[in-house]
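Contents: one structure, followed by commentary.
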Amino acid sequence: MSNEKIWVNKKIRLGWFFVILGILFSLVGIAFEIFLSYIPYNISIITGLGILWFGIGIGIIVKYYAAKRDSVSVKRLMVEEHDERNVIIKYRAGYRAFWVSIVLVYILLLWLSLSSNGSLPPIGKDLLWYIQAACVVIPFLVYIISFLSDQKRI
């Protein structure tokens, strides 16, 4: 078996691992919601994480299974993923997104700290949820925009 086939099969196995992990997390989350409904915590986060892992696994499987049928596609994928230019662009975009997430979380923690002594108005539970979601979504958008702009520029 060639190196390309081994590489693709390894990626497909990784995808199946994520699918199985997603199914397990979803089942555990559903079981917790059914049998441990008296717990005051929101357990649906476990089910949501399972759905996320499942989606990631399906995406990996579809990407590499489609390329598995054609050896030219496999070679192209290997070159794209191991290309030094693409690796540098991914690292630069990740670096920017990391710093944006650090700044956002720092601002949130600073606000929560200052609101505890009355210096700033307190953040309600609903607003806190939206701010936390923004702390995830905004760095992801920064990563995508940075990656695309660097692809054009570099």
Side-chain angles (χ1 to χ4, degrees), residues 1-70 73-74 76-78 80-83 86-116 120-148 151:
M1 190 179 272
S2 67
N3 285 341
E4 292 90 10
K5 297 284 185 184
I6 293 171
W7 182 75
V8 168
N9 288 334
K10 190 183 294 186
K11 294 289 186 175
I12 291 173
R13 278 194 304 273
L14 179 68
W16 281 113
F17 170 76
F18 282 131
V19 166
I20 292 168
L21 189 68
I23 291 170
L24 288 175
F25 267 70
S26 295
L27 291 175
V28 167
I30 291 169
F32 279 4
E33 288 180 27
I34 292 171
F35 299 115
L36 300 175
S37 60
Y38 57 88
I39 293 178
Y41 306 111
N42 188 357
I43 301 175
S44 63
I45 190 82
I46 298 172
T47 309
L49 192 58
I51 293 169
L52 174 72
W53 288 126
F54 184 81
I56 289 171
I58 292 295
I60 292 172
I61 290 169
V62 167
K63 178 180 179 181
Y64 291 102
Y65 192 76
K68 184 178 181 178
R69 296 183 181 147
D70 184 23
S73 297
V74 172
R76 182 182 52 79
L77 265 175
M78 282 186 71
E80 283 180 11
E81 287 194 13
H82 295 101
D83 181 34
N86 285 337
V87 170
I88 290 171
I89 289 171
K90 287 178 186 176
Y91 285 151
R92 286 180 60 168
Y95 179 77
R96 291 179 188 127
F98 173 74
W99 279 103
V100 167
S101 68
I102 285 177
V103 169
L104 288 172
V105 170
Y106 176 75
I107 291 170
L108 174 63
L109 292 174
L110 189 63
W111 186 310
L112 290 172
S113 175
L114 291 174
S115 69
S116 68
L120 288 175
I123 299 176
K125 288 184 180 180
D126 290 337
L127 180 60
L128 181 62
W129 188 91
Y130 287 115
I131 292 172
Q132 289 173 336
C135 287
V136 173
V137 172
I138 291 172
F140 182 68
L141 291 175
V142 167
Y143 177 82
I144 290 172
I145 292 168
S146 179
F147 181 78
L148 293 175
Q151 282 280 10

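This chain uses plain numbering: 1 for the first residue, then up along the sequence.
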For [X], enumerate each residue passing the side-chain hydrogen bond (donor to acceptor under 3.5 Å, both in side chains) test, keeping only those at least two apart in sequence or located in another chain.
{"X": "Ser73", "value": "Asp70"}
{"X": "Asp126", "value": "none"}
{"X": "Ser115", "value": "none"}

**Message:** Between Val28 and Thr47, does the side chain to side chain contact (heavy atoms under 4.5 Å, CB included) criterion hold? Intermediate values first, please.
**Reply:** CA-CA 7 Å; Val28 167; Thr47 309; over 6 Å; no
Any heavy-atom pair between the side chains of [Y] and [X] that's under 4.5 Å?
{"X": "Leu104", "Y": "Ile131", "result": "no"}
{"X": "Ile61", "Y": "Lys11", "result": "no"}
{"X": "Lys5", "Y": "Val74", "result": "no"}

**Request:** Check step by step if side chain to side chain contact (heavy atoms under 4.5 Å, CB included) holds for Ile12 and Ile60.
**Result:** CA-CA 7 Å; Ile12 291 173; Ile60 292 172; over 6 Å; no
For the [atom1] atom of [X] and the [atom2] atom of [Y], what is their distance to the nearest 0.5 Å?
{"X": "Ser44", "Y": "Ile30", "atom1": "OG", "atom2": "CD1", "answer": "11.0 Å"}
{"X": "Met78", "Y": "Asp83", "atom1": "CE", "atom2": "CG", "answer": "12.5 Å"}
{"X": "Ile34", "Y": "Ile43", "atom1": "CD1", "atom2": "CD1", "answer": "11.0 Å"}
{"X": "Leu114", "Y": "Leu110", "atom1": "CG", "atom2": "CG", "answer": "4.5 Å"}
{"X": "Ile46", "Y": "Leu27", "atom1": "CD1", "atom2": "CG", "answer": "12.0 Å"}
{"X": "Leu112", "Y": "Leu120", "atom1": "CG", "atom2": "CG", "answer": "10.0 Å"}

**Asked** Does the pair Glu4 and Leu77 meet the rule for a side chain to side chain contact (heavy atoms under 4.5 Å, CB included), with working shown?
**Response** CA-CA 10 Å; Glu4 292 90 10; Leu77 265 175; over 6 Å; no
**Message:** Please check this pair: side chain of Trp111 against backbone of Pro121, looking for a donor-acceptor N/O pair closer than 3.5 Å.
**Reply:** yes
**Message:** Looking at Asn86 and Glu81, would you say the former's side chain and the latter's main chain have a donor-acceptor pair under 3.5 Å?
**Reply:** no
**Request:** Hey, could you give me each pair passing salt bridge (Lys or Arg N to Asp or Glu O under 4.0 Å) that has a residue in residues 98-107? Not counting sequence neighbours.
**Result:** none
**Prompt:** How would you list all residue pairs meeting salt bridge (Lys or Arg N to Asp or Glu O under 4.0 Å) that involve residues 87-97, not counting sequence neighbours?
**Reply:** Arg92-Asp150, Arg96-Asp150
**Fill in**
Sorted by chain and number, sequence neighbours left out, ring pair (Phe, Tyr, Trp, His ring centres under 6.0 Å) with Trp7 holds for Tyr64, His82
**Item:** Shortest non-hydrogen contact from Pro139 toward Ser101
**Value:** CG-CB, 3.5 Å
**Minimal non-hydrogen separation, Ser146 against Ala93, with atom names** = OG-CA, 3.5 Å
**Request:** Just do the side chain to side chain contact (heavy atoms under 4.5 Å, CB included) check on Leu52 and Leu49 with the steps written out, would you?
**Result:** CA-CA 5 Å; Leu52 174 72; Leu49 192 58; 4.1 Å; yes
**Message:** Tell me whether the rings of Phe140 and Tyr143 are parallel (<30°), tilted (30 to 60°) or perpendicular (>60°).
**Reply:** parallel
